[in-house]
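Contents: one structure, followed by commentary.
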Amino acid sequence: MASSIENNNEKLTLKSSDGEEFLVEKHVALQSTLLQNMLDSDCSSADVIPLPKIDARTLALVLGYCKKHADASSSKQGELNSFDSEFLKDMDMGALFNLVLAANFMEIKGLLDIAAQKIADTIKDKPHQEVREIFHVENDYTPEEEAAVREENRWAFEGFP
Amino acid sequence: MEKKKKKEENQFHRLPDDVVLHIFNKLSDITWLCRCFVVSKQFSSLIPRVQTVSFRSKIWNSVLNSCSVSRKFEERNSKRKVSENFLKPLGCLKNLPPSPSSRLNFPDFAFHLKQIQSVNIELPFDFIGNNDSVLKYWGAKFTTKLNRFTVLYATSLSKMVEFEEQEEDNDGIKENEITSRVNLAVEYVRDAMCLVVILFSIIPKYPMLQRISITDSKNKRVKLCLGGEKFVGCRNAFNICSMISSKRAEGWTMNKKGGGYMPVLRLPNSGHVMKGVTTAYMEGYSGKSERLLKATGSDSEAETLTLDAFAEEEGVFSEAMVQIQAKRMDVIKAHF
């Protein structure tokens with residue numbers, strides 16, 4: 001990529017919850033509204049920015065996304081779209097939810113959108129029992145309550161187990 | 001990969017509510033949202049806050065069927081309403097669903113989704129069917145107040161070429177094709193009526209609604225989009241209608257019709273040429289509530305709904321309509 005000449009101001013260091021440090025180019029970091037606001041308000045970029053809610057594995061993924069989107073020119077929307085769908089493909093639910101949390105915390109709208117969409121797509125077309133299993137949602141209805149809620153929405157279950 | 005822990009954590013409990021809601025907004029499809037009520041109490045407490053919803057064709061099959069059931073019921077119960085006003089081939093208009101003041105019992109889906117702001121509906125319309133060799137473009141205009149429909153369709157629409165001279169085939173359309181086009185127009189009107197019934201049943205139910213769009217799931221040609229001022233106008237119109245509507249559903253009676261054919265229509269403003277243009281308009285009233293509505297003297301253009309398959313060429317469509325209205329006297333031969 002076409003990063004400009006080595007320059008201290010062009011990089012900043014992020015620190016994950018498990019203590020790993022990531023050196024990031026500034027234009028990549030700007031994909032995150034949170035970091036952008038921090039830089040704007042002049043939290044000195046020489047410092048290490050701690051991200052206590054995000055583990056190293058997730059942060060690496062997030063930064064991979066940011067880098068791709070920061071470096072690609074806007075004319076390559078198609079390429080970005082295929083990157084996005086490839087990016088989330090085969091990701092396990094734990095990792096996906098970590099990503100959603102990180103994107104939400106760091107305010108990276110594009111990433112939040114595609115990850116939320118991915119979760120929504122996972123919910124779609126599945127019986128509610130399976131939705132519970134996939135996301136480890138415990139059924140907190142009593143059998144009577146569940147039957148009542150189901151009855152209320154009976155039309156939605158037509159032709160469905 | 002290390003196999004994971006004990007009793008695994010509920011993923012959705014890890015997310016703040018607004019993020020879960022974001023996911024539900026992406027889910028969007030009403031059938032799935034309603035099924036999700038059953039998943040857990042967290043789900044059922046958040047789903048009512050969803051703001052973006054889409055209805056897929058499947059449910060609307062039952063809605064459209066319920067229209068026709070109710071139509072039959074209507075016919076049986078008011079023999080006197082049917083008949084003399086209708087001419088062939090416009091006779092099939094008697095099958096129209098009752099216009100806005102409808103007592104149709106729509107499945108009350110999502111009655112708990114009071115916060116919906118944006119709705120997209122995909123309908124299983126089969127507008128164009130096997131006639132698409134004839135018909136390339138069409139649009140229709142519908143007014144709640146007057147129930148006036150204007151349907152326009154053209155065999156072709158192309159960019160205007162600078163010096164185009166030949167006025168090709170001056171009456172290059174066969175009588176039977178005209179008949180088939182008129183029949184199509186009637187079908188559009190019927191479907192447009194369905195749309196209005198749908199709008200009427202949805203808009204008053206969702207106080208937060210700001211935007212509604214209806215598309216045709218089959219060929220994406222039919223598009224009705226209401227938002228902003230247009231939406232407000234529509235809501236007002238419906239409010240007035242519902243205030244004065246009687247309990248009884250009313251049939252729609254046509255009292256005016258007309259139309260014509262133009263081999264070539266030039267549209268200098270948008271720089272297009274339309275060929276093989278046929279227009280049809282029908283005007284009618286739906287009994288009591290219309291007359292009452294007229295009496296309240298609400299007289300605003302905002303009450304016009306436009307149903308338009310020229311989604312991307314909206315300007316072209318309106319320009320054509322204006323021209324046709326201006327020329328109706330001389331150029332267009334009435335075929336109705």
Side-chain angles (χ1 to χ4, degrees), chain A residues 53 57-58 90 92-105 107 109 111-143 145-161, chain B residues 1-48 50 52-56 58-63 66 105-113:
Chain A
K53 289 183 172 174
R57 186 183 164 213
T58 307
D90 301 328
D92 69 78
M93 280 304 143
L96 189 56
F97 275 71
N98 283 338
L99 208 56
V100 167
L101 275 171
N104 185 54
F105 178 72
E107 300 173 60
K109 187 169 182 312
L111 181 59
L112 181 60
D113 278 347
I114 60 167
Q117 186 67 59
K118 173 87 175 178
I119 296 172
D121 292 344
T122 309
I123 295 174
K124 231 177 252 188
D125 300 325
K126 297 211 177 54
H128 57 277
Q129 298 89 338
E130 207 176 307
V131 172
R132 285 181 194 140
E133 264 169 46
I134 296 172
F135 300 103
H136 310 296
V137 176
E138 66 276 22
N139 179 7
D140 49 5
Y141 286 118
T142 65
E145 283 171 337
E146 184 176 333
V149 176
R150 198 183 156 117
E151 178 61 25
E152 246 178 38
N153 297 285
R154 193 176 40 177
W155 67 271
F157 288 92
E158 273 165 25
F160 207 73
Chain B
M1 283 281 141
E2 83 273 46
K3 265 285 163 197
K4 277 210 172 169
K5 30 186 163 174
K6 10 131 206 183
K7 178 91 170 128
E8 291 195 69
E9 195 185 356
N10 180 341
Q11 298 287 5
F12 283 98
H13 283 172
R14 299 171 57 202
L15 305 181
D17 282 357
D18 60 328
V19 176
V20 180
L21 208 50
H22 191 61
I23 293 169
F24 288 148
N25 274 315
K26 297 273 179 198
L27 185 59
S28 160
D29 185 296
I30 192 77
T31 312
W32 293 105
L33 281 173
C34 282
R35 280 179 195 165
C36 278
F37 272 100
V38 184
V39 171
S40 75
K41 289 182 178 169
Q42 185 199 16
F43 274 40
S44 66
S45 70
L46 288 174
I47 292 170
V50 165
T52 306
V53 158
S54 64
F55 296 85
R56 282 283 151 69
K58 219 176 124 215
I59 356 165
W60 288 95
N61 282 332
S62 64
V63 174
S66 83
N105 260 334
F106 280 86
D108 209 353
F109 13 76
F111 60 90
H112 17 232
L113 303 185

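In what follows, chains carry the letters A, B, and so on, assigned in the order in which the sequence lines appear, proteins first and then strands, with residues in each chain numbered from 1. Just so it is clear, the structure is predicted and the values come from calculations on it, not from any experiment.
Of all the heavy atoms in B:Pro16 and A:Leu101, the pair that sits closest is CD-CD2, 3.9 Å. Of all heavy-atom pairs spanning B:Ser40 and A:Tyr141, the tightest one is O-OH, 3.4 Å. The nearest pair of heavy atoms linking B:Trp32 to A:Lys124 is CD1-CG, 3.5 Å.
Residue A:Gln117 holds its CD atom at 8.5 Å from NE2 of B:His22, rounded to the nearest 0.5 Å. Considering CZ of B:Phe12 and CE of A:Met93, their distance stands at 8.5 Å, rounded to 0.5 Å. Between atom NE2 of residue B:His13 and atom CD of residue A:Glu138 there is a gap of 5.5 Å, rounded to the nearest 0.5 Å. We find the CG-CG distance between B:Asp29 and A:Asp121 to be 11.0 Å, quoted to the nearest 0.5 Å.
Proximity to chain B is limited to the side chain of A:Asn104, based on heavy atoms less than 4.5 angstrom apart. Of the atoms belonging to A:Val137, heavy atoms from both backbone and side chain fall under 4.5 Å from chain B. Heavy atoms closer than 4.5 Å to chain A are found in both the backbone and the side chain of B:Val39. When heavy atoms are compared at a cutoff of 4.5 Å, A:Lys118 does not approach chain B at all.
Salt-bridge formation is detected for the pair B:Lys26/A:Asp113: a Lys NZ or Arg NE/NH1/NH2 atom is positioned less than 4.0 Å from an Asp or Glu carboxylate oxygen.
Applying the 6.0 Å contact sphere to NZ of A:Lys109 captures no more than 12 heavy atoms from other residues, nucleotides or ligands.
With respect to chain B, the highest number of heavy-atom pairs below 4.5 Å among A:Asp125, A:Val149, A:Val131 belongs to A:Asp125. Between chain B and the options A:Ala115, A:Ala103, A:Ala116, heavy-atom pairs under 4.5 Å are most frequent for A:Ala116.
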